[in-house]
Amino acid sequence: MLILGFESSCDETAVAIVKDGREVLANKIASQIEIHALYGGVVPEIASRAHTEAISGLTNEALEEAGVSLSDIDAIAVTNCPGLIGALLVGVNFAKSLAFKLDIPLIPVHHIRGHIAANYCHFDGKDGKEYLEPPFTSLVMSGGHTSLIGVNSYTDFEIIGATRDDAAGEAFDKVARLLSLPYPGGAKMDKLAYEGDKTFIEFPQASVKDSPYDFSFSGLKTAAINFIHKLEQNKTEYNKADIAASYTDAVVKAIAKRVELLFNDMDLFKSKKFVLAGGVSANSHIRQAITMLAEKYGVKLYIPPLSLCGDNAVMIASQGYYEYTEDNKKADTTLNAYATMGVDEV
Ligand code: KG4
Ligand code: ZN
């Protein structure tokens with residue numbers, strides 16, 4: 001089954017063609033980073049306009065890359081939640097029109113479910129790789145989400161813990177911006193942290209009372225912002241890399257603490273399979289810390305390649321395949337987009 005997938009929830013327009021949920025035939029991404037970098041962050045109105053300009057040409061490029069034509073496509077999958085509403089609507093309307101014209105199923109996909117599904121396309125059982133299938137537990141870390149999710153089946157998701165305030169990506173980006181690193185700062189913080197002293201300052205760790213698996217990064221982020229402001233007000237010279245290293249260390253420890261707790265919780269973590277997902281799972285410090293924990297506890301760890309961590313449409317086509325084949329999920333031309341939506345609510 002050939003699925004044409006669309007993703008436009010934030011600042012990447014993406015179109016992909018995936019066969020039977022796992023085999024990537026085309027993966028096209030038009031990044032808007034250069035446009036938004038001028039403003040230090042995503043400008044929603046500009047994002048919507050850029051999606052509108054890119055989506056049609058990118059679709060033709062994807063068909064060409066896959067060597068297929070529109071008449072070969074069996075279904076269309078599109079991210080319809082969560083994300084920037086104007087941006088989502090561009091993808092939803094384009095996908096809707098195409099599905100209507102071709103008279104093929106239209107499958108709505110939750111963006112975070114998609115991030116998890118990106119792993120199915122890498123861990124496809126080929127070339128000595130594992131074949132990943134549920135049940136497993138996933139740690140999804142992106143610009144807007146940080147959640148521990150029980151993936152009971154391809155379409156049954158259960159939230160174990162989530163952030164109460166900021167997401168890990170947002171927290172990295174905000175501090176990176178204060179350190180004058182160009183947007184999006186997450187990947188630059190990752191590199192800079194290697195050049196600094198992580199013991200330079202110990203940032204506070206927050207825990208959420210009675211919810212050991214929930215995350216909270218806003219206190220940590222504010223502590224870092226105040227610390228940098230104070231240094232600047234006092235005209236104290238400082239090494240940006242020391243802040244990047246100390247801050248990264250605090251984020252890594254906050255994440256590792258929850259992951260270790262989970263690895264010890266055999267009621268919650270029966271599968272002993274742990275899957276990383278989302279843009280922040282590209283962070284090398286987090287990858288290293290979780291790899292060490294997985295080795296210590298004998299957990300099977302699945303880490304997506306860097307190319308499938310950030311936003312893409314392969315992940316949407318893949319999850320779309322499972323939503324359709326497992327749950328017969330389909331939408332009609334009244335399909336809407338939603339800025340917020342729980343991964344377990346759809
Ligand atoms: O999943 P994603 O591409 O988009 C959302 O769904 O939000 O995640 C984007 C986030 C941004 O905050 C970006 O700075 C962060 O992922 N990111 C990283 C790294 N690469 C991307 N954060 C930390 N370290 C990285 N290497
Ligand atoms: Zn994303």
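When a ligand or atom number is given, it counts from 1 through the structure's own listing order. Computed from a predicted structure; not experimentally measured.
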- From CA spacing to verdict: salt bridge (charged side-chain N to carboxylate O under 4.0 Å, His left out), K273, E130: CA-CA 11 Å; K273 288 195 282 186; E130 295 272 338; over 6 Å; no

- Can you list the ligand 1 atoms lying under 4.0 Å from a non-hydrogen atom of G169? 12 (O)

- Using the salt bridge (charged side-chain N to carboxylate O under 4.0 Å, His left out) rule, take D249 and K253 through it: C-alpha gap first, then chi angles, then the decisive distance, then the call. CA-CA 6 Å; D249 189 51; K253 279 184 179 148; 2.9 Å; yes

- Shared hydrophobic cluster for I225 and M189 (ILVMFWY, side-chain gaps under 4.5 Å): yes

- among protein heavy atoms, the one nearest atom 26 (N) of ligand 1 is D190 OD2, 2.9 Å

- Query: Are any of the heavy atoms in M189 under 4.0 Å away from ligand 1?
  - Reply: no

- Note on the structure: Sequence neighbours excluded, the answer for salt bridge (charged side-chain N to carboxylate O under 4.0 Å, His left out) partners of E34 is none

- Message: For distances below 2.8 Å, what is the count of protein N, O or S atoms around the Zn ion (ligand 2)?
- Response: 3

- Message: As an exercise, identify every atom of ligand 1 less than 4.0 angstrom from a heavy atom of G310.
- Response: 3 (O)

- Check D72, I17, L4 against L25 for a side-chain contact (heavy atoms from CB on, under 4.5 Å) and give me the one that passes. I17

- Message: Is there a polar contact, in the sense of an N or O pair closer than 3.5 Å, between G186 and ligand 1?
- Response: yes

- Item | Which residue and heavy atom of the protein sit nearest atom 13 (C) of ligand 1, plus the separation | D173 OD1, 3.8 Å

Which atom pairs, one a donor and one an acceptor, fall under 3.5 Å between side chains of residues 294-307 and the rest of the protein, sequence neighbours left out?
residue	atom	partner	partner atom	Å
K296	NZ	E260	OE2	3.1
Y297	OH	E260	OE2	2.5
Y297	OH	N264	ND2	3.3

- What part of D311, side chain, backbone, both or neither, has a heavy atom within less than 4.0 angstrom of ligand 1? both

- Around atom CE of M1, are there more than 12 heavy atoms of other residues, nucleotides or ligands at under 6.0 Å? yes

- Note on the structure: Near H111 (heavy-atom distance under 4.0 Å), the atoms of ligand 1 are 6 (O)

- Query: What is the closest protein heavy atom to atom 19 (C) of ligand 1, and at what distance does it sit?
  - Reply: A187 N, 3.6 Å

- Query: Taking only residues at least two apart or on different chains, which pairs with a member in residues 39-98 satisfy ring-ring contact (aromatic ring centres under 6.0 Å, His included)?
  - Reply: F6-F94

- Message: Quick check: G143 and ligand 1, any N/O pair under 3.5 Å apart?
- Response: yes

- side-chain contact (heavy atoms from CB on, under 4.5 Å) partner of R258, chosen from T146, L139, D214, L148: L148

- Query: How does M141 reach ligand 1, if at all, at less than 4.0 Å between non-hydrogen atoms: by side chain, backbone, both, or neither?
  - Reply: neither

- Task: Output the list of atoms in ligand 1 that are nearer than 4.0 Å to some heavy atom of G279, sorted by atom number.
- Result: 1 (O), 2 (P), 3 (O), 8 (O), 16 (O), 17 (N), 18 (C), 19 (C), 20 (N), 21 (C)

- Proximity of Y322 and Y120 rings by center, below 6.0 Å: yes

- Verify the cluster assignment for F227 and V252: are they in a single hydrophobic cluster under the rule of side-chain heavy atoms below 4.5 Å apart? yes

- Nearest-neighbour protein heavy atom for atom 15 (C) of ligand 1, which is reported as residue plus atom name and distance: V280 CG2, 3.8 Å

- Task: Would you please test E170 and K174 for salt bridge (charged side-chain N to carboxylate O under 4.0 Å, His left out) and show each step?
- Result: CA-CA 6 Å; E170 203 176 332; K174 179 78 194 184; over 6 Å; no

- Note on the structure: Distance col, row I33:CD1 vs Y183:OH, nearest 0.5 angstrom, shows 6.0 Å

- Message: Can you name the atoms of ligand 1, numbered from 1 with element, that are less than 4.0 Å from a heavy atom of G144?
- Response: 7 (O)

- Query: Counting heavy atoms only, which of N283, L306, D11 comes nearest to atom 24 (N) of ligand 1?
  - Reply: N283

